[in-house]
Amino acid sequence: MTLALFAAFAALLVGCSLMVILHRNPVASALFLVLAFCSLAGLYLLLHAEFVAMVQVIVYAGAIMVLFLFVIMYLNLRHDVEQGIAVAVRRGAGWILGILLLAETVAFFKGRWAEGPVSAPDLAPVAGNTQAIGQVLYTRYLFPFEITSVLLLVAMVGAVVIAKGRGPGLHPAAPAADAAADAKAAAPDHAGGEA
Amino acid sequence: MLALIPALPLAAVAVNLILGDRLGRRGTAFLACGAVFASFVLAALSVIHLASLPPGARTMVADVYTWMRVGDFKVDVAFLLDPLSSVMVLVVTGVGFLIHLYSVGYMAHDASFRRFFLYLNLFMFAMLTLVLAKNFLVMFVGWEGVGLCSYLLIGFWMDRPSAARAGMKAFVVNRIGDFGFLLGMLTLFAWTGSLDYERVFAAAPIVFHPGTLAITFATLALLLGATGKSAQIPLYTWLPDAMEGPTPVSALIHAATMVTAGVYMVARCHILFTMAPFSLETVAVIGAATALFAATIGVAQNDIKRVLAYSTVSQLGYMFFACGVGAFGAGIFHLMTHAFFKALLFLGAGSVIHALSGEQDMRKMGGLASRLPWTHGVMLVACVAIAGIPPFAGFFSKDEILSAAFASGHYGVWVAGLLGAVLTAFYMFRLYFLTFRGSSRLTHEAEHHLHESPAVMVAPLVVLAALSVVGGFVGLPFQEGGRRLTTLEGGAALERWLAPVFGEGGAAGASHAVPHLSFTTEWALIAVSVAAAAFGIAMASRAYAKAAGEPIAEKAPRLYGLLEHKYWIDELYDTIAVRPIRALGDVLWRFWDEKIVDGTVNGVAYVVEWASAVLRVFQTGFVGTYALFLTLGVAALIAHYLVR
Amino acid sequence: MMPFTMPSLIAVDWWALGAVIALSVGAMLLLVLEFVPAPPASNRGAFVTLLALLAAAGSVLEVRDARRSLFDGMFLHDGFTVFFTVLFCVIGAVAVLQSWDYVKRTRINHGEYYALLLSSTLGMVLMAASNDLITIFLGLELMSLALYVLVGFRRTRLDSSEAAMKYFLLGAFASGFLLYGIALLYGATGTTNLAKVAMFLADSPMIGNPMLIVGGLLLLVGFGFKVAAVPFHMWTPDAYEGAPTTVTGYMSAGAKAAGFAALLRVLLVAFPPLMSEWRPILSWIAALTMTVGNVTALLQTNVKRMLAYSSIAHAGYLLVAVVAGGLDGGSAALFYLAVYSFMNLGAFGVLALLGRGAEERVTIKDLAGLGFRSPMLGLAMTVFMLSLGGVPPTSGFMGKVYLFSVAVKAGLIPLVIVGVLNSVVSVFYYLRVTVAMYMQEPGAEPVEIAWAPSAAIAVVITLALTLWWGVQAQDLLTTAQRSILGLL
Amino acid sequence: MMHDIPLAWMLALSATVFVIGVVGVLVRRNALVIFMSIELMLNAGNLAFVAFSRALGSLDGQVFVFFVMTVAAAEVAVGLAIIVNVFRLKETIYVDEINLLKG
Amino acid sequence: MNDFPWLSWLIFFPLISAALIAVLPGTSGRTVKTLAAVCSIAEFLFSLPLWWRYQPGQPGWQFAEQHAWLPGLGATYHVGIDGIATLLVLLTTLLTPIVVFGAFGSVEKREREFYALLLAMEAAMIGTFLSLDLLLFYVFWEAMLVPMYLLIGVWGGPRRVYAAVKFFLYTMAGSVLMLVAILWLYLHQRAVTGIPTFALDAFYALPLSGAEQTWLFLAFAFAFAIKVPMFPFHTWLPDAHVEAPTAGSVILAAVLLKMGTFGYVRFAMPIFPAASAAFTPWIVALALIGILYGALVAMVQRDLKKLVAYSSVSHLGFCMLGLYALNAQGMAGGMMTMLNHGVSTGALFLLVGVIYERRHTREIAEFGGLWKVMPVYASIFLVVMLSSIGLPGTNGFVGEFLVLLGAFRHEPWWAIVAGLGVILSAVYMLWMFMRVFFGPLTHAANEKLADLTLRERLVFAPLLILIFWMGVYPQPLLDRAQPTLDRTVALVKQRLMMGDRITRGDVARPGVSVAEAAR
């Protein structure tokens, strides 16, 4: 049962991941990524990480990917048409390198997977997983937790700073417009940010 | 007092430099001549004092100060007067003074009058230092000093390119000789631990085995120095060119004094040379070869001074082979007489040139005897003297050399010397006839300006002429009191004077090896040499007394061409030494320096820059490329552990 | 069973944590202040930032001799932390002084600029102070995120945005590797705490464990990216060139120092047992980094870009110290980081002064004749260049002497020779700057120099430190040696 | 659940996804897709964390995943903003059309 | 008075002067010149006590000062003098005012910076000569490059940038390996004695194995050989000289090149006696090649400065030959040649500078017949040239002769080969002299050349006096240098004797890496 689930999720994960990088349409890529994340959530469940699985779906598949999709739509991208020798070479190199990495990993770990302190302890932290995590999060991991708050704040501010202000003036081809935009950006009433 | 002898001319130089043009011409002349005259007087006084000493103790020494003292090496600035240097010092100051005097007239109208006397005095200083030195290093100071002055004076008329070239040639060739001198000194010091004559000569017999490599090397090196200074084969080529200088210079430096320094040095080192038979033999061969060789060239020269120059080379050859056969005293003797008559010849020639406003080509002279009576007279005396007609000075000294060569068994050398004597007589009288006899071939303008020289020039000529006549008598075998001439065996006055230096019997047969000749043989030899001279004169008379052209050139044009071009030796040197060296320099610079060394240096820079360009290519600006390299790095890192 | 205990706040050493608090509070204060109107030329942001940085530095200095382990050993307050915290704060302060006028001139004078500056400083402090891979990762991300934004801060300019995009994409990519590396290490050792990793390794040496090795390697990739080590360096020139010049200076000094701080802590605290494993690799990376950085810099015509490559090369030198390892290597790295930071900051500070308004005049040509037009600036730039090249009597020389002597002691002669030869190569392009400044005539339109008192102070501070440490570096030496002592 | 999935399998899966992410970064030219590939890499890391967490019986790994997600969210915010900004200026987000800075 | 830190004052006074000149605002060229002249002369006067109060016979460093500098590393600020340093410092302080005066006419732009750099240069040079701590030495040694680089690069000729950069890189490339060697020595010494120090005396006493010596010596020798410059590391020199302004050339030739030879005497030979001995044939061979090579290449030069530059290569070859003869005469000769070269070649460069100022060319072909229009100039040129070719009575001879003497005693053929250089030196110098001063005035531009002004004559006067004084009465100089040189020789020989365990095989086998040797 577990094995079957694992196989299904794993196949889904790998397949979707491949589709993410193979599909020409970024929207499709994004959707496959959502699927991949969902299958990951499934795997997390298999690993008794219910909290993580839940967050995975909510945060990743939900929030993050929506943002992605939103941006893709917003940018209204063409299909990814890739041609030319340089592109082909790079793609080839990328694939070869990827396969090489995989082969190396296999060669490296040959028969020695999971060496380490792993003693497969018969733990059953199934119950209260969320509670347990919450507990360590606010005790042992209080400090990193606080840092993440700053991190999110910075991300917010950063996104606002970078993405704020739009309009016809923003075009690189026109230096005059550029200067005008600069002037606009310098104006104090913009200071608060207007994402 | 000894130190004053060279110091006076030096002081004159200093005064000349400091006062500069404020001196005026008269002042300059007075200063220059006065200083040399004072030196002469001092020298004479010193020699008189020397003579008053017992023969065994005839040395005067003046230690001035320590020049360098480094470890066991110590050299003082010190002077020495002994019989040998006394002869030299008298000749140098005496003849030097006369020539100074002469120059006052000769150079009277030259713009650089002051500079001329500056150099001349400097030369006197250097020459006297050379002669009076007490050790090799001080001698070397004079040695190079005279070379420098020679350089400056040859190039005195500096806007003449040929003069400049000649000066440089003289210096460079002399430097080659000086290189030999240096090596000789180094060897001597390395073995004897000193450069002081006394100590070197005292130590030499102890540290050197006769005929060994060390002593032979040392003496050959010194000989190289001597050949350079005294214009012997193979380094003679500079002297004829040196005639570019003003004539008094030729007389003083390139006839009477400086060029004899080589002979003086060999004589000074006779102890060393006698310990190295090979070297001594070389001296003899070089001397004889030079004597003959230069004489042949002299036959075909048309420039009056060039004839005299080759004559000088030839005569110096005589002095050399005198030394080479062991007759050091005879060499010095000839040195002295030669100084008189050769100075006279040059000054006389100068007088001619002066009279002709600078014309030196004998083909454009002729018939001057009546127009320049004084000059003609003294020149005739000089020609006779150099030709070796008794009882003029040249006869005595040359005959002594020839008989010494014969006596010591160097018959080849003797024959060469005899042939040289014939040629000497020939070319000297060729000169005489071409210049003073025959019909005038002067240009109209020269004819117009023709005049006898002023008294200040003629007076020294007369004095020198007198010396040329009587100078040989010191070589006569006077008895102690100077009473009568009975035998040639008794030892001449000069010999006896030099005896403390060269040892008893150091004249005709300096070393013990040379046997005395029988009375008859001697007279026979005298007869032969006189006959040779007479033959030469007769030939010259026949060929040139009336001739307007050049009979040798007509009869044997190829030989004449060869002689006129001095056997193409200059060109030979140019081809085998000068050009290759310059070409080598060019190759080293253009190829080795700029291509190889700098090429390597710049090549490294170039390679690095090339690498930079290559690395920049990877920096495409594309995120993909960057990620690719990043991943490649990861792969490589893991691979590193895999293959380890 | 599960006692829900709050960590006792009393037990927290507030002084030790002061830097973190001051920096985050400062950042937030700045954001809040954005809502309070101020005249366009206001220096409010810079002031607040300076105060925050001052407070942070003052706070850790107050307890500089103390040694504290906070939050379950995640945050260490030791000499190492103090050293780096102060270093980051001073770097930040200098950057603020440099930015003071620059941001106004280039019209990016927003409060967010300073807030992000403080945040990234906070990230750096965390990287240096963390004893746990989690916090290191978070600090690194905090620093990076702020820097991504700062690099792209001149958002109306394509070069700035492009630089931000490249930096961001590659940074995130490298973070992916780093994260995976952390994961593997966690799997191999069962902990992310460096001290515990060390204990674990000491107890059961498993040198050959692939998870450990690959994890370590990926960790190296992450840090190598931050310090711009070859072959993870390629973002550097683009990001440096595109970023606002003051930001470039700040990140070239701060981010690199932070990367090295983290690397040093990880290598010296967690991985000494594996020294024989990482030493050869790091040696190669060091040699490559020096060489590639210096060689590529040779042909650059944009001084900013050239200095970017130069900073890559300096990462190489620093890696030599890291390879040397131990007390000596650590202190040499600290020493060199300090001198490097200020000479580099100084150089970028000078560049930030060139140009009028928003324009950037940072090509070699633009520097022509600068040395005589502005002697002070010329002198400063010359000193910075010579110092970067390692010519006495500048701090760069002292740094190299100490660094190489440590390396020699560790027997790394070949690496040292590569290093010194590289420094010769580097002098070539550093000299090009002086050549332009002193030996070339300015073009038709000589570059305008935007002097400002604050910038002048920054130049003077960096110049003074560069020269002073060139002639008398004993204090810094002692500090570096003492600071590293706490680590081991 | 009768049995845990062997750690090795999980790790192999995670490594595969990771490599797929890496390849995605390398072969795609759309900045957004590249970014997505990076997210794949992060998630591969997360999977490894959770797997280890399970195998080690400690919660640390899961907490770490939590933090990673936060970081990822933050990165996405900033990253997308940057990409959008580039698009505004350049009208493209294809990374091989963006190389103003190079050499 | 006895406690006055003369040496520090000597180092820092020019530095202070330089700073003063550089920062005095709004000063006119005249003020700057006066200030520079006053400062440089004052510096010379300050250095005179070194001459009067240096006691030649006494062992050890005199006027020594020692202060803590970097206790963490064991580096100290330790300065002191011995006989060699005394003379070289005096040479430096004497030449600097001469150069300053000489530059009055030639430097037209940026005078302030020029004189400031010149004085800074002086400080660095003096510091190099005085340092008794290897790190301190290295600091000065490298710091010296900067002002020189700027002097060449800013005030130089058309290819000045290339020349300046080449100079800097070339010399730096040489010295960085020396830095590595210094660091290794330092660490080795620390390992042996447990005391971290860069003190020279400590290194004198440091036993080193053959392989260690070989490598370390090579590193040192390479750095010094470039500075000297020895063939084939000389190619930076012609470029630097030709492009440098007169003052730069003079300082470069007169003092900077001495750093190399000084380095051999001070460091390379006494610290690594065995390697030094083992490499003697190589170094002598290079020195001999340099002598002939420099002369041959000088001969075909068309540019006056280049000619003089190559002649330097030749002269410095003599220097090295003398030093490596490793006996009293050779060492003294090398020492004298250093000083002579400083005076004579310095003067030659000044002379070339004079003519360049007037004609803005240094092509020999552009001249000819100059004696006519510039007799004083020509005469001085003549004297200096003669001193350069080593005419007895001038300084050049003393050095050259002693070198030859020393070399001959060590190995006769060395002197024979070197002696050929004596001939060649006459050739190239006289040939040049002939082409410049003799012959007719062929270029109209030369007809109105002015002879030396009073200022210029005053510049040359001290040099001429020195030329003759050192040639005629060198004993005071020799007396000062000799004990130190003897001690160096003794130290080398003594260390050679002590180092019985240093087998020749070790030295001859440079395959052992230093790292291996360190273990």
Side-chain angles (χ1 to χ4, degrees), chain B residues 65-73 77 115 126 137-138 140-145 147-148 151-152 155 158-161 163-165 167-168 171-172 174-176 178-180 182-183 185-187 189-190 217 581-586 588-590 592-594 596-598 600-602 604-605, chain E residues 166 169-170 232-236 238-239 293 295-301 310 327-329 332-333 369 371-372 375 382 386 389 391-393 397-398 401-402 404-405 408-409 412 415-416 419-420 422-424 426-428 430-431 433-434 437-441 472-475 478-479 482 486:
Chain B
Y65 66 92
T66 299
W67 188 12
M68 311 175 212
R69 186 182 55 240
V70 176
D72 55 349
F73 171 75
V77 173
R115 187 160 58 89
L137 208 62
V138 174
F140 192 69
V141 174
W143 189 266
E144 287 241 306
L148 166 70
Y151 162 75
L152 291 170
M158 48 192 44
D159 29 357
R160 281 196 212 160
R165 265 201 304 278
M168 181 184 153
F171 196 96
V172 170
N174 265 301
R175 264 264 154 152
I176 299 175
D178 297 347
F179 164 63
L182 260 178
L183 288 186
M185 276 199 291
L186 297 179
T187 319
F189 177 74
F217 176 80
I581 286 176
R582 202 171 288 171
L584 178 65
D586 241 345
L588 288 180
W589 176 37
R590 294 285 189 204
W592 175 261
D593 236 48
E594 296 199 336
I596 306 283
V597 179
D598 251 7
T600 312
V601 173
N602 293 337
V604 171
Chain E
K166 190 174 179 181
L169 287 183
Y170 217 130
F233 310 114
H234 62 277
T235 53
W236 64 270
D239 284 316
Y293 183 89
L296 281 171
V297 177
M299 197 160 58
V300 292
Q301 295 307 313
Y310 274 108
N327 51 33
Q329 289 85 22
W371 194 311
K372 264 228 148 59
L382 178 74
L386 292 173
I389 67 178
L391 195 86
F397 176 69
V398 178
F401 182 75
L402 288 174
L404 289 175
L405 202 63
F408 193 91
R409 291 187 106 180
I416 297 174
L420 292 174
V422 176
I423 301 175
L424 288 175
V427 175
Y428 65 77
L430 288 174
W431 196 35
F433 193 76
M434 179 181 97
F437 292 98
F438 286 163
L441 265 171
V472 172
Y473 190 52
Q475 200 55 46
L478 292 171
D479 281 343
Q482 201 58 46
D486 286 345

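Not measured: the values here are computed from a predicted model. Atoms considered below: every heavy atom in the structure, side chains included; atoms not considered: hydrogens, waters and symmetry mates. Chain A is the first sequence line, chain B the second, and so forth, proteins listed ahead of strands; every chain is numbered from 1.
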Using a cut-off of under 4.5 Å on heavy-atom pairs, state which of [options] scores highest against chain B.
| options | answer |
| --- | --- |
| E/Leu382, E/Leu169, E/Leu420 | E/Leu420 |
| E/Tyr310, E/Tyr473, E/Phe433, E/Tyr293 | E/Tyr293 |
| E/Trp431, E/Tyr170, E/Phe437 | E/Trp431 |
| E/Val297, E/Asn327, E/Val300 | E/Val300 |
| E/Ile416, E/Val398, E/Asp479, E/Val427 | E/Ile416 |
| E/His234, E/Met434, E/Gln482, E/Gln475 | E/Gln475 |

Under a 4.5 Å heavy-atom cut-off, does chain B meet the side chain of [X], its backbone, both or neither?
| X | answer |
| --- | --- |
| E/Leu386 | side chain |
| E/Tyr428 | neither |
| E/Leu441 | neither |
| E/Phe233 | neither |
| E/Trp236 | neither |
| E/Pro440 | both |
| E/Asp239 | side chain |

With rounding to the nearest 0.5 Å, note down the distance linking [atom1] in [X] to [atom2] in [Y].
| X | Y | atom1 | atom2 | result |
| --- | --- | --- | --- | --- |
| E/Leu424 | B/Phe179 | CG | CZ | 10.0 Å |
| B/Met68 | E/Phe397 | CE | CZ | 5.5 Å |
| E/Ile389 | B/Arg175 | CD1 | CZ | 4.5 Å |

Heavy atoms only, distances under 4.5 angstrom: which of [options] has the most pairs with chain E? Name it, please.
| options | result |
| --- | --- |
| B/Gly71, B/Ala164, B/Pro161 | B/Ala164 |
| B/Leu588, B/Leu183, B/Val172 | B/Leu588 |
| B/Leu182, B/Thr187, B/Asn602, B/Thr600 | B/Thr187 |
| B/Thr66, B/Leu152, B/Ile596, B/Leu148 | B/Leu148 |
| B/Phe217, B/Phe73, B/Phe140 | B/Phe73 |
| B/Val138, B/Val77, B/Val141 | B/Val141 |

Go through the atoms of [X] and report whether side chain, backbone, both or neither lie under 4.5 Å from a heavy atom of chain E.
| X | value |
| --- | --- |
| B/Arg165 | both |
| B/Leu584 | side chain |
| B/Phe189 | side chain |
| B/Trp592 | both |
| B/Ile581 | both |

**Pair B/Asp72-E/Gln329, side-chain donor/acceptor within less than 3.5 Å** = yes
**Item:** Parallel, tilted or perpendicular: rings of E/Trp371 and E/Phe438 (30°, 60°)
**Value:**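 Because their plane-to-plane angle is under 30°, the rings of E/Phe438 and E/Trp371 count as parallel.
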**Prompt:** Would the number of heavy atoms belonging to other residues, nucleotides or ligands and lying under 6.0 Å from NZ of E/Lys166 be above 12?
**Reply:**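 Yes, the 6.0 Å shell around NZ holds more than 12 heavy atoms from other groups.
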